Number of protein chains: 2
Amino acid sequence: METTGFARHDHGACIRDGVTAVAEHCRAEGLQFTPVRRRVLELLLEGHRALGAYDILDRLREEGLGSQPPVAYRALDFLVKNGFAHKIERLNAFVACACPGESHMPAFLICRKCDKVAEAEADMREGKLAQSAAEAGFHIERAVVEAEGLCPNCSGAAA
Amino acid sequence: METTGFARHDHGACIRDGVTAVAEHCRAEGLQFTPVRRRVLELLLEGHRALGAYDILDRLREEGLGSQPPVAYRALDFLVKNGFAHKIERLNAFVACACPGESHMPAFLICRKCDKVAEAEADMREGKLAQSAAEAGFHIERAVVEAEGLCPNCSGAAA
DNA sequence: TCGATCTTGTGATAATGTAACAGAGGGCGG
DNA sequence: CCGCCCTCTGTTACATTATCACAAGATCGA
Ligand SMILES: [Zn+2]
Ligand SMILES: [Zn+2]
Ligand SMILES: [Zn+2]
Ligand SMILES: [Zn+2]
């Protein structure tokens with residue numbers, strides 16, 4: 001149950017660890033962790049915030065790593081397909097995965113004030129919804145769970 | 001716990017009841033249930049499926065009710081804002097609400113084969129996710145819950 | 001009737017996402 | 001070394017989804 005992102009933590013290590021974990025997974029599975037893909041992952045890890053594809057593309061362009069939409073989308077597709085990042089449907093934006101490589105059903109807590117995003121575990125195949133889905137004969141395979149509200153920092157300040 | 005849409009039911013009544021329920025709510029609250037808004041609601045009720053804004057716009061155009069995107073988006077905004085319809089973020093599409101007017105936290109079961117959508121209740125303010133969110137100090141206000149899988153009809157056929 | 005307010009018509013444009021194809025590069029059997 | 005296959009990249013063009021801005025019409029109560 002990862003809910004870092006709101007809590008204070010060593011964020012430098014957070015980025016380094018995220019990148020090296022993905023690098024190792026790629027090595028282990030024969031995936032190519034190319035410069036563009038690495039850089040996009042770093043950008044996603046940078047702020048525990050969701051970034052739009054075009055935000056990322058702007059950064060890549062500044063750094064000479066690519067200038068056309070497909071460059072950003074391809075890197076993001078790679079990261080999402082391999083479980084190193086997730087798409088936040090509500091925001092049309094992307095975040096780095098908190099536990100890369102492990103297959104899971106992620107849920108997200110999105111602060112509407114500071115836009116930070118934390119990842120949590122929410123297996124929708126159990127719980128009340130799953131139960132009534134099962135009663136209706138519906139078989140849940142995947143689920144998008146995106147909760148919006150106020151993070152601890154902002155709910156204090158906004159009071 | 002509404003999971004109609006997959007079950008066989010009197011769909012003619014389903015549409016009529018949906019429209020009249022919304023009409024009454026509008027009357028009670030002084031909202032204008034204009035022809036475009038009514039027609040968009042009918043279209044959404046038609047198939048228990050999510051329709052894109054441009055699908056709706058095409059239908060409106062055929063019927064002479066409007067031809068430019070804002071026409072469709074404004075009607076949809078009205079319906080969503082007043083709880084008569086919901087947006088399915090995963091599909092960038094819209095469905096009629098199953099219990100119009102009542103304030104609720106809807107969840108959706110989306111069949112990946114036949115594209116039908118059923119609405120269920122899933123108050124994310126209780127349950128495991130809410131609990132760990134609370135532990136992290138996060139206050140959930142709204143939630144997008146969209147489960148994808150196979151509906152009873154399709155899971156039999158697809159086996 | 002008058003004005004305030006909500007609704008609609010319409011053209012333009014922004015934001016997000018894909019298709020298609022040519023070229024660069026690296027491993028690998030010949 | 002060469003040519004083949006494969007993945008990744010560069011680029012053009014395009015498709016889809018959504019919003020802005022402003023004028024005109026409809027509604028409703030004072
Ligand atoms: Zn961090
Ligand atoms: Zn916050
Ligand atoms: Zn029905
Ligand atoms: Zn189905």
Side-chain angles (χ1 to χ4, degrees), chain A residues 22-23 25-41 43-44 49-82 84-95 115 144 146, chain B residues 22-23 25-41 43-44 49-82 84-95 115 144 146:
Chain A
V22 169
H25 265 280
C26 286
R27 194 145 28 82
E29 297 170 35
L31 301 169
Q32 296 181 237
F33 195 41
T34 65
V36 185
R37 292 170 178 176
R38 167 185 295 261
R39 189 67 190 121
V40 170
L41 178 64
L43 291 172
L44 291 181
R49 277 180 178 77
L51 289 180
Y54 281 74
D55 296 333
I56 294 195
L57 181 56
D58 288 344
R59 299 287 303 268
L60 293 179
R61 198 169 359 230
E62 288 168 12
E63 300 171 14
L65 280 170
S67 62
Q68 304 302 322
V71 174
Y73 279 103
R74 284 195 287 234
L76 288 167
D77 285 349
F78 169 85
L79 294 173
V80 169
K81 181 148 52 95
N82 296 106
F84 305 142
H86 303 291
K87 178 168 188 181
I88 308 292
E89 299 287 348
R90 216 188 124 58
L91 305 176
N92 295 320
F94 300 82
V95 285
D115 282 332
V144 170
E146 298 169 0
Chain B
V22 168
H25 265 279
C26 287
R27 194 146 29 83
E29 298 170 35
L31 301 168
Q32 296 182 235
F33 195 41
T34 66
V36 185
R37 293 170 177 178
R38 168 185 294 263
R39 188 66 190 120
V40 170
L41 178 65
L43 291 171
L44 291 180
R49 277 180 178 77
L51 289 179
Y54 281 76
D55 297 331
I56 294 193
L57 182 57
D58 288 344
R59 299 287 303 270
L60 293 179
R61 195 163 9 222
E62 287 169 12
E63 300 171 13
L65 281 170
S67 62
Q68 304 299 324
V71 174
Y73 280 101
R74 285 195 285 233
L76 288 167
D77 285 349
F78 170 85
L79 294 173
V80 169
K81 181 149 50 96
N82 295 106
F84 304 141
H86 303 290
K87 178 169 188 182
I88 309 291
E89 299 287 347
R90 214 189 127 60
L91 305 175
N92 294 320
F94 301 81
V95 285
D115 282 333
V144 170
E146 298 170 359

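Chain A is the first sequence line, chain B the second, and so forth, proteins listed ahead of strands; every chain is numbered from 1. Remember, predicted model here, so these are calculated numbers, not experimental data.
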Atom CG of L51(A) and atom P of dG17(C): how far apart are they, to the nearest Å? 13 Å
Atom pairs, N/O to N/O, protein against nucleotides 7-14 of chain C, distance under 3.5 Å?
residue: dT7(C); atom: OP1; partner: R37(B); partner atom: NH1; Å: 2.8
residue: dT7(C); atom: OP1; partner: R37(B); partner atom: NH2; Å: 3.3
residue: dT7(C); atom: O5'; partner: R37(B); partner atom: NH2; Å: 3.3
residue: dT8(C); atom: OP1; partner: T34(B); partner atom: OG1; Å: 2.7
residue: dG9(C); atom: N7; partner: R74(B); partner atom: NH2; Å: 2.6
residue: dG9(C); atom: O6; partner: R74(B); partner atom: NH1; Å: 3.2

Rounded distance in Å - CD (E63(A)) to P (dT9(D)): 15 Å
Applying the 5.5 Å / 30° rule, does Y54(B) stack onto the base of dT17(D)? yes
Side-chain N or O of K87(B) less than 4.0 angstrom from OP1 or OP2 on dA18(D)? yes
Are D55(B) and R59(B) packed together at the side-chain level, in the sense that at least one heavy-atom pair is separated by less than 4.5 angstrom? no
Are N92(B) and dT16(C) close enough that a side-chain N or O sits under 4.0 Å from OP1 or OP2? no
Roughly how far, to the nearest 0.5 Å, is CG of D58(A) from CG of L51(A)? 10.5 Å
Take the angle between the ring planes of F84(A) and F78(A) and call it parallel below 30°, perpendicular above 60°, tilted in between. tilted
Using a strict 4.0 Å threshold on nitrogen-to-oxygen distance, state whether D77(B) and R74(B) make a salt bridge. no
Contact check, side chains of V40(A) and F94(A), non-hydrogen atoms, under 4.5 Å: no
pair L41(B)-L79(B): side-chain heavy atoms closer than 4.5 Å: yes
